[in-house]
K.L.:
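Have a look at this one.
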Amino acid sequence: MHSPAGCPATTSSRAIRPSFVPMAQRGSRGREQRLPSSSSSAPDAELASILRAEAAVSGVSRKATAAVSQQQQSTRLWPRAVLEALDSAVASCHWESALEIFELMRKQRWYEPRTRTYARLLMMLGKCRQPGPAAALFRVMLSEERLAPTVDVYTALVGAYGYSGMLDEALATVELMKGAADCKPDEYTFSILINCCCKSRRFDLIPPVLDEMSYLGIGCNVVIHNAIIDGYGKAGMLAEMGTALCNMLEDGDNVPDIYTMNSIIWAYGNRGRVDDMEKWYSEFQLMGVEPDSRTFNIMIKSYGKANMHEKMMMVLKYMKRRFFSPTAATFNIIIECFGRAGDIEKMEYYFRLMKIQGIKPNPITYCSLVNGYSKAGILDKVPAIIRQTENTDVVLDTPFFNCVINAYAKSGDIKIMEEMLQLMKEKKCKPGKVIYTTMIQAYIAHGMDEAAKLLEIEVDSFGNRLL
DNA sequence: ATAGGGTTAG
């Protein structure tokens, strides 16, 4: 079920590959791999080159790149540059770059191993669903650094397994914690574990985990209650969600908060039960919970989905009156809604309004626009959309191009579809499985079996490296 | 630590 990259590193792969940097990365950057041992400016150059590649992909690390490039000659300031670069890569979840920068950092004279750094990297790998690299990193920490793990490190490891659906490994890690000194699992650990159970739809594990918690004398806090409620809600198990909410209300220590409210509102709204959504909106206010802009975004989305456009606009007006400024998400929801309804005029109107109000469109906005044009059969507007982004600092990403290619695939413009694949490669967006599946389908639909076969062979040759 | 926009195919 999980991606091939989601398998933990086996003993054999570790033997060949002593580091936690992924194979594909090492292969593609083979030339930069060998570090001159004594030259002090060379690592700077290498870091700069990692960051340049990073910046080309994402556009986020430009500041860090500039910082490092400026310091090519001066060795003094460079710990700071490396740490900043690492921070930036971690913050933007570029796990491959983060691991490369970290590996480089470990080779510096000033480097001191810290469990905090490991915990942060492991947490990031969990978010990126990379249990293999996480397990390898954990082993490096134990055997090469000889650091004693902390609760935070173990907890991050629980998440690294759990968020990839490897719940057996996550549970085994919790068992490991119980046996380790000063690493007893705490509320934080269990909140991650329960969240992982919910995200993997393993609701059967929740009662035993809760039992285990009470056995260990750990109470159920607000975050854990909210995670359970949201989990049932997202799974559409509304009866169970109700029970979980009752449990929370009965548990005197925990008062519902804005997270509880938004989860409940989402659960009803997303399933078209707008009456219940409205009922709970008032109910939460009676309990003293005030809505926030996310609440309104969820409601706008729900009304949009139910084709209740006038109510959608009412919420928008209400927000304005209450001084809740609409966010990019608000506009994206509205744009998407009108696009889906085929109302191009309103879609374009809100896109203009968004820009007038000084809210920057993002790749999601452009994606919704493309979907709208695709639905309305006016794809000739798409190139202009792409051109428009070139004058801004918006960096078009892979999902955006998925959207574009999907649009041309549907309309049967095979040639433009292929040009767009070319364009996305030029813009350093990695095409993934989704795109190739779409393109193969399009080739088959147009009787281009040969092209479909060729592409399938290409996909197979990528093997596990393709997401 | 938990809540709000997007990409497949059915």
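This is a predicted model, so every value here is computed, not measured. Letters A, B, ... mirror the listed sequences (proteins, then strands); counts begin at 1.
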K.L.:
If the glycosidic angle is within 90 degrees of 0 it's syn, otherwise anti, so just tell me which one B:dG4 is.
P.N.:
anti

K.L.:
Counting the atoms with a prime plus P, OP1 and OP2 as sugar-phosphate, which does A:Gln441 contact under 4.0 Å by heavy atoms, base, sugar-phosphate, or nothing?
P.N.:
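Sugar-phosphate contact only.
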
K.L.:
If you go through the side-chain atoms of A:Asp397, does one of them form a donor-acceptor pair with the base of B:dG6 closer than 3.5 Å?
P.N.:
yes

K.L.:
When you measure from the side chain of A:Ile258, which nucleotide among B:dA3, B:dT2, B:dG6 comes out closest?
P.N.:
B:dA3

K.L.:
Considering just the side-chain nitrogens and oxygens of A:Lys127, establish if one lies under 4.0 Å of OP1 or OP2 belonging to B:dA1.
P.N.:
no

K.L.:
Would A:Lys381 and A:Glu348 pass as an ion pair if we require N to O under 4.0 Å?
P.N.:
yes

K.L.:
Can you tell which of B:dG5, B:dA1, B:dG6 lies closest to the side chain of A:Tyr188?
P.N.:
B:dA1

K.L.:
Could you tell me how far apart A:Ile440 (CD1) and B:dT8 (P) are, to the nearest whole angstrom?
P.N.:
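Atom-to-atom, A:Ile440 to B:dT8, this comes out as 15 Å.
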
K.L.:
Rounding to an integer number of Å, can you tell me how far A:Lys360 NZ sits from B:dG5 C1'?
P.N.:
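The answer, rounded to whole Å, is 16 Å.
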
K.L.:
Less than 4.0 Å between a side-chain N and a carboxylate O, is that true for A:Glu290 and A:Arg322?
P.N.:
yes

K.L.:
Could you tell me the separation between the CD1 atom of A:Ile265 and the P atom of B:dG4, rounded to a whole number of Å?
P.N.:
13 Å

K.L.:
Answer yes when A:Asp393 and A:Lys360 have at least one side-chain N-carboxylate O distance shorter than 4.0 Å, and no when they do not.
P.N.:
yes

K.L.:
From B:dT2, B:dA1, B:dT7, pick the nucleotide closest to the side chain of A:Asn226?
P.N.:
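When the side chain of A:Asn226 is considered, B:dT2 is the closest of B:dT2, B:dA1, B:dT7.
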
K.L.:
Base, sugar-phosphate alone, or nothing: which one does A:Lys410 contact when heavy atoms must sit under 4.0 Å apart?
P.N.:
nothing

K.L.:
State yes or no: are the ring centers of A:Phe138 and A:Tyr154 separated by less than 6.0 Å?
P.N.:
yes

K.L.:
Measure distances between side-chain N and O atoms of A:Asn195 and base N and O atoms of B:dA1, and say whether any donor-acceptor pair falls under 3.5 Å.
P.N.:
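It does not, because no donor-acceptor pair links the side chain of A:Asn195 to the base of B:dA1 below 3.5 Å.
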
K.L.:
For A:Lys234, answer base if it contacts any base atom (sugar-phosphate contacts may also be present), sugar-phosphate if it contacts only those atoms, and nothing otherwise; contact means non-hydrogen atoms under 4.0 Å.
P.N.:
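A:Lys234: backbone/sugar contact only, no base atoms under 4.0 Å.
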
K.L.:
Measure from the side-chain heavy atoms of A:Ile364 and tell me the nearest of B:dT8, B:dG5, B:dA3.
P.N.:
B:dG5

K.L.:
From CG of A:Asn362 over to C1' of B:dG6, roughly how many Å is that when rounded to an integer?
P.N.:
9 Å

K.L.:
Between B:dA9 atom C1' and A:Lys433 atom NZ, what is the distance in whole Å?
P.N.:
13 Å

K.L.:
Have a look at A:Phe400 and say if it touches a base, only the backbone sugar-phosphate, or nothing, with a 4.0 Å heavy-atom cut-off.
P.N.:
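Here A:Phe400 touches the bases of the nucleic acid.
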
K.L.:
Among B:dA1, B:dT7, B:dA3, which is the nearest nucleotide to the side chain of A:Ser191?
P.N.:
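Among B:dA1, B:dT7, B:dA3, the one nearest the side chain of A:Ser191 is B:dA1.
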
K.L.:
Among the candidates B:dT8, B:dA3, B:dG6, find the nucleotide nearest to the side-chain atoms of A:Lys199.
P.N.:
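Of the candidates, B:dA3 comes closest.
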
K.L.:
Within this structure, what is the CE-to-C1' distance between A:Met420 and B:dT7, rounded to whole angstrom?
P.N.:
16 Å

K.L.:
Can you check the A:Phe331 CZ to B:dG5 C1' distance for me, whole Å?
P.N.:
13 Å

K.L.:
Test for a donor-acceptor pair under 3.5 Å between the base of B:dG4 and the side chain of A:Thr327, counting only N and O atoms.
P.N.:
yes

K.L.:
Output the single nucleotide from B:dG6, B:dA1, B:dG5 whose closest atom is nearest the side chain of A:Asn221.
P.N.:
B:dA1

K.L.:
For A:Ser368, which contact category applies under a 4.0 Å heavy-atom criterion: base, sugar-phosphate, or nothing?
P.N.:
nothing

K.L.:
Calculate the interatomic distance between A:Ile228 atom CD1 and B:dA1 atom P; express it in whole Å.
P.N.:
19 Å

K.L.:
Name the nucleic acid region contacted by A:Ile192, choosing base, sugar-phosphate or nothing; use a 4.0 angstrom heavy-atom cut-off, strictly under.
P.N.:
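No contact at all - A:Ile192 keeps every heavy atom at 4.0 Å or more from the nucleic acid.
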
K.L.:
Can we say A:Arg294 and A:Asp292 salt-bridge, meaning some charged N sits less than 4.0 Å from an Asp/Glu carboxylate O?
P.N.:
no

K.L.:
Between B:dG5 and A:Trp266, is there an OP1 or OP2 to side-chain N/O distance shorter than 4.0 Å?
P.N.:
yes

K.L.:
Of all heavy-atom pairs between A:Leu122 and A:Ala134, which one has the smallest distance, and what is that distance?
P.N.:
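Smallest interatomic distance, heavy atoms only, reads CD2-O, 3.4 Å.
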
K.L.:
Can A:Glu212 and A:Lys178 be counted as an ion pair, charged N to O under 4.0 angstrom?
P.N.:
yes

K.L.:
When only distance counts, do a donor and an acceptor, one from the side chain of A:Ser263 and one from the base of B:dA3, lie under 3.5 Å apart?
P.N.:
no

K.L.:
Look at all strands and tell whether A:Thr398 reaches a base, only sugar-phosphate, or nothing, counting heavy atoms closer than 4.0 Å.
P.N.:
nothing

K.L.:
Nearest to the side chain of A:Val223 - B:dT2, B:dG5, B:dT7?
P.N.:
B:dT2

